[in-house]
Amino acid sequence: ERTRNFLYLECLSSYACLMLESGIPSLVYPEGTRSRDGKIVGIKTGLLSTAVSAYQNTGREVVVMPLALSYESIPEDSFYCGLGEEPGLKEFINKRGSAYLDICDPIRVSRHMSADDPTLSISMAIVEQWKKHLRILPNQILARILSDNGHAVPRAGLPALVEEFVLRNPGNYLTRDAEAIVEQGIASLRERNIAKEDGVQLASVTPALASYYGGMVPESGGTILDQDA
């Protein structure tokens with residue numbers, strides 16, 4: 001409930017602004033929560049506005065460094081998809097996978113001060129950086145292909161589908177080699193029992209999870225924002 005408490009939010013914003021004015025770095029998760037559908041969550045601009053305030057109060061540059069995190073697997077994926085309870089510690093540890101952190105291009109607050117809404121302008125720049133740098137993984141690609149094709153595709157045609165997907169969707173791929181994507185992607189999906197492959201076709205075992213991981217591929221298009229928070 002503290003996140004809706006006015007006094008808490010005012011104190012948090014004041015503290016964050018004071019830190020930036022003093023030159024102390026601040027690490028923030030601008031979405032404010034974890035994604036329940038695999039897609040990028042709308043940015044909450046409350047704390048982000050402190051970067052603008054700190055610049056206005058001091059005249060010193062404030063630099064926003066977006067960080068793009070991509071996960072091969074999410075321990076709570078079944079829970080988020082309504083397929084089970086939230087995992088305990090042991091299950092959480094056993095379901096961990098590889099994670100990738102990519103450092104995006106710096107965003108200088110001063111370059112956005114001429115915008116009608118500097119915070120909104122910075123938010124748009126952050127999302128564009130995420131789309132550009134977020135690492136796209138093999139299991140996410142195959143999950144997306146399954147989701148877009150009725151959750152079943154011919155095994156023999158997978159490399160061609162992957163090549164077409166990569167050409168059609170610019171992004172920061174872990175690998176662009178179609179055969180490697182197919183091999184690594186199938187192994188990951190089979191390990192988590194998200195999809196099965198019998199030599200004839202690749203099919204979703206749990207369509208909800210396939211859609212969840214397929215949603216992690218960044219969408220091209222408009223910026224996602226949540227200005228109410």
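- At least one donor-acceptor pair closer than 3.5 Å links the side chain of Asp198 to the backbone N or O of Gln201.
- For the salt bridge (charged side-chain N to carboxylate O under 4.0 Å, His left out) test, no residue two or more places apart in sequence or in another chain qualifies with Glu86.
- At distances below 3.5 Å, at least one donor-acceptor pair connects side-chain atoms of Ser73 with backbone N or O atoms of Lys95.
- Between Ser123 and Thr45, the closest heavy-atom pair is OG-CG2, 3.3 Å.
- How far OG of Ser147 is from OH of Tyr212: 13.0 Å, rounded to the nearest 0.5 Å.
- By the rule that hydrophobic residues join a cluster once side-chain heavy atoms approach within less than 4.5 Å of another member, Leu48 and Met113 end up as members of one cluster.
- Contact annotation: the side chain of Ile194 never approaches that of Val205 to less than 4.5 Å [non-hydrogen atoms, C-beta and beyond].
- Taking CE from Met216 and CG from Leu137, the interatomic distance works out to 9.0 Å, rounded to the nearest 0.5 Å.
- At least one side-chain heavy atom of Ile107 sits under 4.5 Å from a side-chain heavy atom of His112.
- For residues 173-188, the pairs satisfying side-chain hydrogen bond (donor to acceptor under 3.5 Å, both in side chains) are Glu72-Ser188, with sequence neighbours left out.
- Looking only at distances, a side-chain donor or acceptor of Arg144 sits under 3.5 Å from a matching main-chain atom of Gly214.
- Residues Tyr71 and Ile103 are members of one and the same hydrophobic cluster, defined by side-chain heavy-atom contacts under 4.5 angstrom among Ile, Leu, Val, Met, Phe, Trp and Tyr.
- To the nearest 0.5 Å, the span separating CG on Asp105 from CD1 on Ile126 amounts to 12.5 Å.
- Leu158 is listed as a side-chain neighbour of Leu142, based on a closest heavy-atom distance under 4.5 Å.
- For the pair Trp130 and Ile43, the minimum side-chain heavy-atom distance is below 4.5 Å.
- By the 4.5 Å heavy-atom criterion applied to side chains, Ser70 and Gln140 are counted as neighbours.
- In this structure, Ile40 is not a member of the same hydrophobic cluster as Ile141, with clusters built from ILVMFWY side-chain heavy atoms closer than 4.5 Å.
- At least one side-chain heavy atom of Val217 sits under 4.5 Å from a side-chain heavy atom of Phe165.
- Annotation: the span from Ser78 atom OG to Arg192 atom CZ amounts to 7.0 Å, rounded to 0.5 Å.
- Between the side chain of Ser14 and the main chain of Cys11, no donor-acceptor pair closer than 3.5 Å is present.
- Hydrophobic clustering of Ile, Leu, Val, Met, Phe, Trp and Tyr side chains at less than 4.5 Å, counting indirect connections, unites Leu202 with Val166.
- If you take CZ on Phe79 and CD1 on Ile74, they are separated by 14.0 Å, rounding to the nearest 0.5 Å.
- Counting only residues at least two apart or on different chains, the salt bridge (charged side-chain N to carboxylate O under 4.0 Å, His left out) pairs with a member in residues 8-35 are Arg34-Glu76.
- The two atoms that bring Asn172 and Lys132 nearest to each other are CB-O, 3.5 Å, heavy atoms only.
- The environment of Leu83 atom CG is dense: over 12 non-hydrogen atoms of other residues, nucleotides or ligands sit within 6.0 angstrom.
- The two residues Ala178 and Glu163 come nearest to each other via the heavy atoms CB-CG, 3.5 Å.
- Annotation for Ala152 and Leu146: closest pair N-CD2, 3.9 Å, computed over non-hydrogen atoms.
- Only one option out of Asn139, Val162, Ile145, Ile136 pairs with Ile181 in a side-chain contact (heavy atoms from CB on, under 4.5 Å); it is Val162.
- The minimum heavy-atom distance linking Ala54 with Val62 is given by the pair CB-CG2, 4.2 Å.
- Residues Met19 and Leu27 do not share a hydrophobic cluster, clusters being chains of Ile/Leu/Val/Met/Phe/Trp/Tyr side chains in contact below 4.5 Å.
- Considering NZ of Lys196 and OG1 of Thr206, their distance stands at 10.5 Å, rounded to 0.5 Å.
- The minimum heavy-atom distance between Thr50 and Ser13, with the atom names listed, is CG2-O, 3.5 Å.
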